[in-house]
Structures are given as structure tokens and as C-alpha cells.
Amino acid sequence: MKDVWPMVHAERAALIGDLERLDAERWDEPSLCAGWTVHDVVAHLVDTARTTRPGFLIGLARARFDFDRQNARGVERERGASPGETLERLRRVVSRTSTPPAPLDSRLVEEIVHGEDIRRPLGLARSYPQEAVVRSLRLQARTSASFGGAEELVARVRLTAEDADLSIGEGPEVSGPALSLLLAVSRRRVALDDLEGEGVTALAAAL
């Protein structure tokens, strides 16, 4: 699984490249994460890049096992006084290989989904490596919703990627780009507009 880290590091570097060209005021725009600005999501990515397995467990206990509270504290801790400061913090963690206690492919999910949380509201686009998107989608499909995955959603529909050799699940079909499927099962409703098939209504209702 060591091949995950070069892909993760490439995604961090690509996001830094996009953020470097961004006017500071745009960091205050809402992201696809409810209640979080672009600046907040960048701070969250810094926090998760710094998180170790022991650190995650300690932080979760201090947050009384509330994932949302733990994430909010991480954003508060890593958000700098200015976008430039937070961006510099992201640069410092670009090559880190620490991780919470989760499958390593979850680091790809983190970088790609949150990358789109930032890029889509800003009108930015990235052509992600197909392998990274497919691996992320496969992981989400076999991970329970209690851990941020979509196992229960996939049990209701069949996901078919039009741009990859990938079909997951059983039931009415939901087809579209692999990236849009990944975002949809990660509960980003904006991606539903990119999808087709008899299963889209069921997927939308489940979201």
C-alpha cells in the first residue's frame, strides 16, 4: 500500500498550486462542507495530515467521542490568522505519511473529496488520476456510514463509472463519471446533477 502516498502527496501539491493563485477573499467562500468555508477545509486538511494513530484516539477521547467536535477543534487549531499562513502550514505537511487509524486509501478519499469541496464552489477543475478516484470509490463503497463511507447506500443501487472499468453494488443503476459517483456517495448532493439512471432518485432520497 506504499503506492498510496505518492498519490496523496501529488494531490496535496496540486491543491497548493490552485490555492496559490487564489485571491485571499475567496478563502471565505462556502465550501461543499456545510458550515465550513474554503479556509476551514484547508485547515482541516492540514490537521488530518498531521494526525497520527495515537493522536487521533487521544483527540477523540478529549472530544468525548464526537467526530464533529474533534474535527472542529482541528480546524480551529490549524487555521492560521490569514490564508497565507494556513497555506504555508499545508506546504509543510505535503510529504507527511502520518494517518489516523483507517485504511490508507482513506487518505486518497480525504484529498480528492475535500479537494472538490474547495474547487467546485470556486469554479476550479482538476483531472484526477483515474486510479486514485477508483480506489477512493471502492473504499467508500465498502465502508460503513458510521465511518464516513457509503456501504449502506451502495446496497440500494449499482454504481457504474462511465470513464472506468467499475461497477459496484446491485439494484437500479446510477451511472456517470467516477469522480461524480465518489462525491455522491460521499454525500455531496451537487454531484447528483452529473449522474443518470433509474437509481438516481433512490440515491438522492438516501442522501
Side-chain angles (χ1 to χ4, degrees), residues 8 11 15 29-45 47-48 51 56 60 63 65-75 99-100 102-126 128 132-164 166-207:
V8 170
E11 290 310 316
L15 182 60
E29 294 191 22
S31 73
L32 296 185
C33 290
W36 279 7
T37 64
V38 166
H39 199 161
D40 293 330
V41 178
V42 177
H44 173 69
L45 287 172
D47 180 53
T48 56
T51 299
F56 175 85
L60 186 59
F65 299 95
D66 184 321
F67 288 109
D68 290 336
R69 181 183 292 126
Q70 183 184 27
N71 283 334
R73 288 178 176 176
V75 169
T99 176
L104 282 185
D105 278 359
S106 67
R107 300 307 87 208
L108 289 174
V109 176
E110 187 84 2
E111 297 300 328
I112 294 173
V113 173
H114 284 318
E116 288 297 282
D117 287 338
I118 292 168
R119 290 184 173 103
R120 289 208 172 199
L122 296 173
L124 302 175
R126 169 160 172 75
Y128 296 89
V133 177
V134 167
R135 287 173 65 155
S136 297
L137 182 53
R138 288 190 184 279
L139 178 64
Q140 287 295 78
R142 65 176 184 266
T143 302
S144 170
S146 59
F147 292 97
E151 183 179 20
E152 295 82 358
L153 290 178
V154 175
R156 305 183 185 191
V157 297
R158 184 173 75 258
L159 307 177
T160 301
E162 297 174 342
D163 54 352
L166 179 69
S167 184
I168 304 173
E170 296 182 4
E173 187 174 66
V174 177
S175 64
L179 178 61
S180 298
L181 292 172
L182 171 62
L183 292 177
V185 301
S186 300
R187 292 168 175 78
R188 273 55 174 184
R189 295 186 63 89
V190 65
L192 291 173
D193 293 340
D194 302 335
L195 306 177
E196 300 178 337
E198 295 179 356
V200 172
T201 299
L203 180 61
L207 294 178

Would you check, one step at a time, whether the test side-chain contact (heavy atoms from CB on, under 4.5 Å) holds for Arg187 with Leu153? CA-CA 10 Å; Arg187 292 168 175 78; Leu153 290 178; 4.0 Å; yes

More than 12 foreign heavy atoms under 6.0 Å from CD of Glu29: is that the case here?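 Yes - once you tally the heavy atoms of other residues, nucleotides and ligands closer than 6.0 Å, there are more than 12.
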
CD (Glu152) with more than 12 external heavy atoms under 6.0 Å: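 Counting other residues, nucleotides and ligands, CD of Glu152 exceeds 12 neighbours.
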
Verdict with reasoning, Leu203 to Leu195, per side-chain contact (heavy atoms from CB on, under 4.5 Å): CA-CA 10 Å; Leu203 180 61; Leu195 306 177; 4.2 Å; yes

Check whether any side-chain heavy atom of [X] lies under 4.5 Å from a side-chain heavy atom of [Y], and answer yes or no.
X: Leu15; Y: Leu45; value: yes
X: Val75; Y: His39; value: no
X: Arg107; Y: Pro100; value: yes
X: Val185; Y: Leu137; value: yes

Interatomic distance, [X] atom [atom1] to [Y] atom [atom2] [nearest 0.5 angstrom]:
X: Asp117; Y: Asp40; atom1: CG; atom2: CG; value: 11.5 Å
X: Cys33; Y: Arg188; atom1: SG; atom2: CZ; value: 4.5 Å
X: Leu183; Y: Arg120; atom1: CG; atom2: CZ; value: 5.0 Å
X: His114; Y: Leu32; atom1: NE2; atom2: CG; value: 10.5 Å
X: Gln140; Y: Ile112; atom1: CD; atom2: CD1; value: 10.5 Å

Do Glu11 and Arg126 sit within salt-bridge range, that is, some charged N less than 4.0 Å from a carboxylate O?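 Yes, this pair counts.
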
What heavy-atom pair brings [X] and [Y] nearest, and what distance separates the two atoms?
X: Gly176; Y: Asp163; answer: O-OD1, 4.3 Å
X: Gly115; Y: Tyr128; answer: C-OH, 3.8 Å
X: Ala161; Y: Ala178; answer: CB-CB, 4.0 Å
X: Val113; Y: Ser186; answer: CG2-OG, 3.7 Å
X: Ser136; Y: Ala132; answer: OG-O, 2.8 Å

Taking Arg156 for its side chain and Gly171 for its backbone only, find out whether a donor-acceptor pair lies under 3.5 Å.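 No: the side chain of Arg156 does not pair with the backbone of Gly171.
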
Between Arg135 and Leu139, does the side-chain contact (heavy atoms from CB on, under 4.5 Å) criterion hold? Intermediate values first, please. CA-CA 6 Å; Arg135 287 173 65 155; Leu139 178 64; over 6 Å; no

Would you mind listing every side-chain hydrogen bond (donor to acceptor under 3.5 Å, both in side chains) that reaches into residues 173-185, with sequence neighbours excluded?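 Output for this query lists Arg158-Glu173, Thr160-Glu173, Ser180-Asp194.
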
Step by step, would you call Arg138 with Asp105 a side-chain contact (heavy atoms from CB on, under 4.5 Å)? CA-CA 9 Å; Arg138 288 190 184 279; Asp105 278 359; over 6 Å; no

Do Asp47 and His44 meet the criterion of a side-chain donor-acceptor pair at a distance under 3.5 Å?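 Checked: Asp47/His44 side chains show no N/O donor-acceptor pair below 3.5 Å.
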
Out of the candidates Leu166, Leu159, Val133, only one should pair with Leu181 under the side chain to side chain contact (heavy atoms under 4.5 Å, CB included) rule; please name it.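 Checked Leu166, Leu159, Val133 against Leu181; only one passes side chain to side chain contact (heavy atoms under 4.5 Å, CB included): Leu159.
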
